[in-house]
Structure formats: structure tokens, C-alpha cells
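What follows is one structure encoded as C-alpha cells, with my remarks underneath.
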Amino acid sequence: MRLNEMALIAVVSVALAGPGFSQSTPTDLPEIKAEDVTVGQVVSFVNAMIAAERVRQTYLVKIEAAETEEEIEALVAEADQKGIAEVERVRGITPAEYMAISMAARESEELTARIERRVELMRQAQGVEVTNEPAVRPEDSVEE
């Protein structure tokens with residue numbers, strides 16, 4: 001397997017496992033049922049998800065540029081720790097609760113929809129238009 005393929009697999013595993021949990025998943029997760037997740041928990045979950053996504057994006061570039069398997073492993077471990085730290089900073093949620101809600105959302109279309117609605121509301125509040133159209137840079141739309 002080529003190194004770039006390994007880097008991509010490492011990044012994908014970090015992304016799919018959730019921020020900060022690819023190598024250090026808590027073993028004592030609280031039992032959280034999808035139907036019991038409150039609005040406040042959804043808000044905190046989305047805030048944590050956004051914070052962790054920033055970490056993932058930063059490390060994606062570094063991991064793709066890594067030249068050895070050892071560098072990739074070190075960067076993934078570092079990303080895990082920074083992801084956990086970012087989730088810990090968010091009010092109203094712990095890393096274990098974040099992982100439990102993430103797992104509950106994987107099994108519940110309704111909870112997933114609630115999370116997606118919260119993300120949409122945040123984007124609207126920040127004035128970010130969400131479309132399925134490709135992004136256009138301002139310089140691409142200038143008429144000559």
C-alpha cells in the first residue's frame with residue numbers, strides 16, 4: 001500500500017470514528033438513547049462536532065503531507081488528543097457523552113435529522129447559505 005493511501009485511510013478513520021476517538025475510545029460510555037437526547041445536548045453536540053471538525057481539517061493536511069507511517073501514526077494520535085481537548089472545552093458535553101450521542105445518532109434517523117437541523121440553523125444564523133451548487137469564487141464571476 002502506498003503512503004498516500006495509508007494517510008487517506010488514517011484520516012478517514014479519524015473522521016469516521018469521531019473526533020479524538022480513533023485510538024482512545026472511552027470504555028465507560030453513558031447509555032444515551034436517541035429519544036432521550038435533549039435540545040441542549042444537541043446544541044452542545046453540534047458545537048463539539050464543529051470544534052472537532054476544525055481539528056480534523058488541520059490535521060488532514062498534515063497527515064496527507066506525512067512521509068512515513070510513523071509520522072502518520074504520530075499525527076493521528078496528536079489529532080486525537082487535540083480533538084478530545086476541543087470537545088472538553090464545549091459546555092454541556094463530555095467526550096464520553098459526545099461519543100454516546102454520536103453512536104445513538106448512527107442508529108436513529110430522527111436524532112440524525114435533529115442534529116442536521118441544528119447545523120442548518122447555525123449556518124442560517126451565521127449567514128451561510130447552504131446549497132447543493134458548487135462554490136463559485138468571486139473572481140470567477142467577474143465579467144470582462
Side-chain angles (χ1 to χ4, degrees), residues 1-140:
M1 182 181 301
R2 293 186 330 206
L3 195 55
N4 285 343
E5 291 172 350
M6 290 175 54
L8 184 58
I9 290 169
V11 170
V12 169
S13 70
V14 170
L16 293 177
F21 294 106
S22 68
Q23 295 181 10
S24 56
T25 302
T27 55
D28 58 340
L29 295 178
E31 186 174 325
I32 297 178
K33 295 179 183 174
E35 61 270 13
D36 295 335
V37 176
T38 67
V39 171
Q41 286 173 311
V42 169
V43 170
S44 294
F45 177 84
V46 169
N47 289 338
M49 183 177 71
I50 290 168
E53 175 63 17
R54 288 185 192 122
V55 171
R56 191 188 71 77
Q57 288 295 324
T58 299
Y59 278 87
L60 174 67
V61 173
K62 293 177 181 181
I63 290 170
E64 287 177 341
E67 295 182 8
T68 67
E69 188 174 335
E70 291 78 25
E71 284 180 276
I72 292 170
E73 290 174 8
L75 287 167
V76 169
E78 189 176 320
D80 281 350
Q81 292 306 309
K82 295 224 175 174
I84 289 171
E86 288 301 310
V87 171
E88 286 175 339
R89 288 176 163 190
V90 176
R91 287 177 76 162
I93 196 165
T94 66
E97 291 167 334
Y98 177 90
M99 189 65 177
I101 292 170
S102 178
M103 291 171 65
R106 287 183 198 144
E107 297 176 11
S108 168
E109 289 181 25
E110 188 272 332
L111 179 55
T112 299
R114 290 175 57 203
I115 291 168
E116 289 172 354
R117 278 193 303 272
R118 178 63 191 167
V119 170
E120 177 69 24
L121 288 172
M122 289 180 72
R123 287 180 178 160
Q124 288 174 357
Q126 295 172 358
V128 177
E129 185 177 332
V130 180
T131 69
N132 290 328
E133 299 297 318
V136 177
R137 294 179 299 203
E139 60 270 17
D140 292 343

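When each of Thr68, Val76, Leu75 is tested with Ile72 by the rule side chain to side chain contact (heavy atoms under 4.5 Å, CB included), just one qualifies, namely Val76.
Gln41 contributes a side-chain N or O that, together with a main-chain N or O of Thr38, makes up a donor-acceptor pair within less than 3.5 Å. Glu71 places a side-chain N or O within 3.5 Å of a backbone atom of Glu67 that can act as its donor or acceptor partner. With hydrogens and angles ignored, the 3.5 Å screen pairs no side-chain donor or acceptor of Ser108 with any backbone N or O of Ala34. Checked by atom type and distance alone, the side chain of Ser102 never pairs as donor or acceptor with a backbone atom of Tyr98 at under 3.5 Å. Under a 3.5 Å cut-off, the side chain of Glu97 and the backbone N or O of Thr94 do form a donor-acceptor pair.
Taking CD of Glu78 as the reference point, atom CD1 of Ile63 lies at 9.0 Å (rounded to 0.5 Å). Remark: Met103 CE to Ile101 CD1 distance equals 12.0 Å, nearest 0.5 Å. How far CZ of Arg56 is from CD of Glu86: 14.5 Å, rounded to the nearest 0.5 Å. In this structure, CZ on Phe45 lies 4.5 Å from CD1 on Ile115, to the nearest 0.5 angstrom.
When the shell of 6.0 Å around CD of Glu31 is examined, it contains 12 or fewer heavy atoms from other residues, nucleotides or ligands.
Within the 4.5 Å cutoff, no side-chain heavy atoms of Arg118 are placed close to those of Arg114. Considering only heavy atoms from C-beta on, Leu60 comes within 4.5 Å of Glu64 through its side chain. Side-chain atoms of Val43 and Met122, non-hydrogen and from C-beta on, never get closer than 4.5 Å to each other. Pro95 is listed as a side-chain neighbour of Glu88, based on a closest heavy-atom distance under 4.5 Å. Contact check for Lys82 versus Tyr59: side-chain heavy atoms found under the 4.5 Å cut-off. Arg106 places none of its side-chain heavy atoms less than 4.5 Å from the side chain of Leu111.
Closest heavy-atom contact between Gly83 and Val55: N-CG1, 3.9 Å. Across Val90 and Ser44, no two heavy atoms sit closer than the pair CG1-O, 3.6 Å. Nearest heavy-atom pair across Ala100 and Pro30 is CB-O, 3.4 Å.
At a threshold of 4.0 Å, the pair Glu120-Arg117 does not count as salt-bridged, since none of the basic side-chain nitrogens sits closer than that to a carboxylate oxygen.
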